[in-house]
Structures are given as C-alpha cells and as structure tokens.
Amino acid sequence: MIAIISHDAGGAEILSSYVLRNKPHCKLILAGPAVAIFKRKIKNIETIELNEALIKCDEFLCGSSWQSDLEWQAIKQARAIKKPTYCFLDHWCNYKERFNKNGSQELPDEIWISDIQAKDIALKNFPYTTIKLVENPYFEDIKDNIKNLQHNDQCTASKGRILFVCEPISEHAEKEYKNSMHWGYTEFTALDYFFKHIDTIEKSISKITIRPHPSEREGKYDYLLNNKNHPIAIGGDNTLLEELLKNDIIVGCESMAMIIGLIAKRRVISVIPPEGKECVLPHPEIEHLKSLLN
C-alpha cells in the first residue's frame, strides 16, 4: 500500500496522473489545491489523514510544497518509522527550500525527476540522496489530451491571443525570505514589464487572458480589467490545457504552464524584468522579453 501525499498544484498534477496511469494500491492524503485537481481527474476519490496513512501504508510518494508542510511532515514521520519515501519534483527551482521547513531539512529516500537538466540540479543540491529519472505522467496525459482536443473548435488558437500564466511570486518570497522582492521582481512588476513592452511581443492583439495560479486569491488581478488599451479577461474557469490551446502566445515568468505551452506547440515568452533573477526553465525554445528588446 502506497500513500500519495500532495498539497500544491504542480505536484498534484503529476501525482494524480501517476495514479491514473499506474493504478497503484494507494491511499490519498490531500490538502489545498491538490484536492480539486485530484477530484477533477479521478472519480470518487477517498482521502485519509496522514496519521492513519503512517499506520496503514508501506511506502510514501509525495509532491513538494511551499505553501504547506504536509509533504515535509510525511517524509519526516515516515522515515522515523523506517518506511520508504519518494518525492516527485515538478519544477527546476527552489529545490532545497522544498525540503527545509522550520529550520530543519527532511529529505526522502529517493527524489524522482523527469528530465536530465532537473536531474543535474538535484544532484548538485542533494549529492547523497538517490536521484531517479522517471517519465513525467502529467506530460504524457497532456500529449494525449492535446490529441483529443485538436478537433474541438473551442480549443483552436486565434492569432493575437495571449495567455499570461501567473505565479504567486511575491507571496512565496515573503513566506520563505520575509522579502517579497527577494528575486528582484514580483508577479506585479513582471505584469507591468509585459504591458509596457507588449508591442514587442505582438502588435495586433485581439485578447489578453490573465490566468491566476490555483493557489492565488480570487480577484487578485481584477485591477487589470481597468486597462483601456487592450481587451483583458481573467481566466481560470477552464482547464489549463483548454486555455493554452485557445491562445497562440503563452507568457509568464517561469511557470510550469509555460512548459505545457511548449508541448502544445505555442510560442512561449518569459517576461521576468531585467532586474529580476534569470529564468530557471532550461528549455531553449522559450523566448525572453528582455532579449527581444535588445
């Protein structure tokens, strides 16, 4: 019996796809955005509490979170009773921070990674932990879903449509470092930079959709609706893939949604301002607004 533990959206997408594809004998321990993601993808889910899973389950497969210590606690408590633990990392940044909570580091027995670049980063950060290269089940689901949606007229991209995929950058930095500008920019300064130089990206814009991150509060970006220069809508009512396919340009900072955009063969641009840190996404197909301006 394996326990699947998940809170944040990125890990939840991977772990829910893992359950769908592999159908393991498992128990689900879910909280936060992960609950809605699992319910959307898996019918009739049943969850248990971590304390119960520690008794009933033999192995523990976790995502990783900045919003919660759920996975961190699962790793800590499972290792304390000598039960194997695995963590599927879903991104290319903040690896150490994912396992550091309350001034203490808790590492799993194995870290699962889905590409060589991420494996290299993990090996540098965790030289004494087993790093395992595993196919990303979420990406495989995305490829299958794209094939299924290609004949749906509502999922056909129109020229000049831009999707901005948001991230709670300032909230993450404030929680982790007590400084919302720790990385030299926030989601708001990135949006300002994007709108200031939007003509460099596309001169003929038919619509801009702002898609909040699943962890962000409702109404966070409503102030953008006052923009008189461009038609703007707040997204998030449809699935990420449906919204990606409706737009021909995907813009963000370093969101996983941008990688899904590449899989969907969309033009993808990072709009991290020049004063911000470098984008960690290692994919050469991603354009960078500051380079376009130069």
Should [X] and [Y] count as an ion pair when the cut-off is N to O under 4.0 Å?
X    : Y    : result
E106 : R98  : no
K27  : E46  : no
E287 : R267 : yes
D141 : R21  : yes

Contact check, side chains of [X] and [Y], non-hydrogen atoms, under 4.5 Å:
X    : Y    : value
L20  : P137 : no
Y18  : V134 : no
I111 : Y95  : no
K41  : E13  : yes
H230 : I198 : yes
D90  : W112 : no

Can a side-chain donor-acceptor contact be found between E275 and Y185 if the only test is distance below 3.5 angstrom? no

Residues S170 and E187: side-chain donor-acceptor under 3.5 angstrom: yes

Should E71 and S65 be marked as a side-chain hydrogen bond (donor to acceptor under 3.5 Å, both in side chains) after you check the CA-CA gap, both sets of side-chain angles, and the distance that decides it? CA-CA 7 Å; E71 293 97 333; S65 299; 2.8 Å; yes

If the plane angle is over 60° it's perpendicular, under 30° parallel, otherwise tilted; pick one for Y223 and F188. tilted

Look at the aromatic rings of W183 and Y177 and report parallel, tilted or perpendicular, splitting at 30° and 60°. perpendicular

Among the clusters formed by ILVMFWY side chains lying less than 4.5 Å apart, do I259 and V165 turn up in the same one?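 Same cluster: I259 reaches V165 through Ile, Leu, Val, Met, Phe, Trp or Tyr contacts under 4.5 Å.
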
For a side-chain hydrogen bond (donor to acceptor under 3.5 Å, both in side chains) check, start with the C-alpha distance between N102 and W72, then their side-chain angles and the critical distance, and finish with the verdict. CA-CA 10 Å; N102 308 318; W72 183 88; over 6 Å; no

Approximate separation, where rounding is to 0.5 Å, of R161 CZ and R266 CZ: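 Those atoms lie 10.5 Å apart.
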
Determine the minimum heavy-atom distance between [X] and [Y], stating which atoms define it.
X    : Y   : answer
I2   : P24 : CG2-CB, 4.0 Å
P214 : P33 : CB-CB, 4.3 Å
L70  : A31 : CD2-CB, 4.1 Å

Atom NZ of K175: over 12 foreign heavy atoms under 6.0 Å: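 Counting neighbours around NZ of K175, more than 12 heavy atoms of other residues, nucleotides or ligands fall under 6.0 Å, so yes.
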
F194 and F164: aromatic ring centres closer than 6.0 Å? yes

What about W92 and H283, are their ring centers closer than 6.0 Å?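 So the answer is yes for these two rings.
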
So side chain to side chain donor-acceptor pair (under 3.5 Å) across residues 188-211, not counting sequence neighbours, yields R211-E243

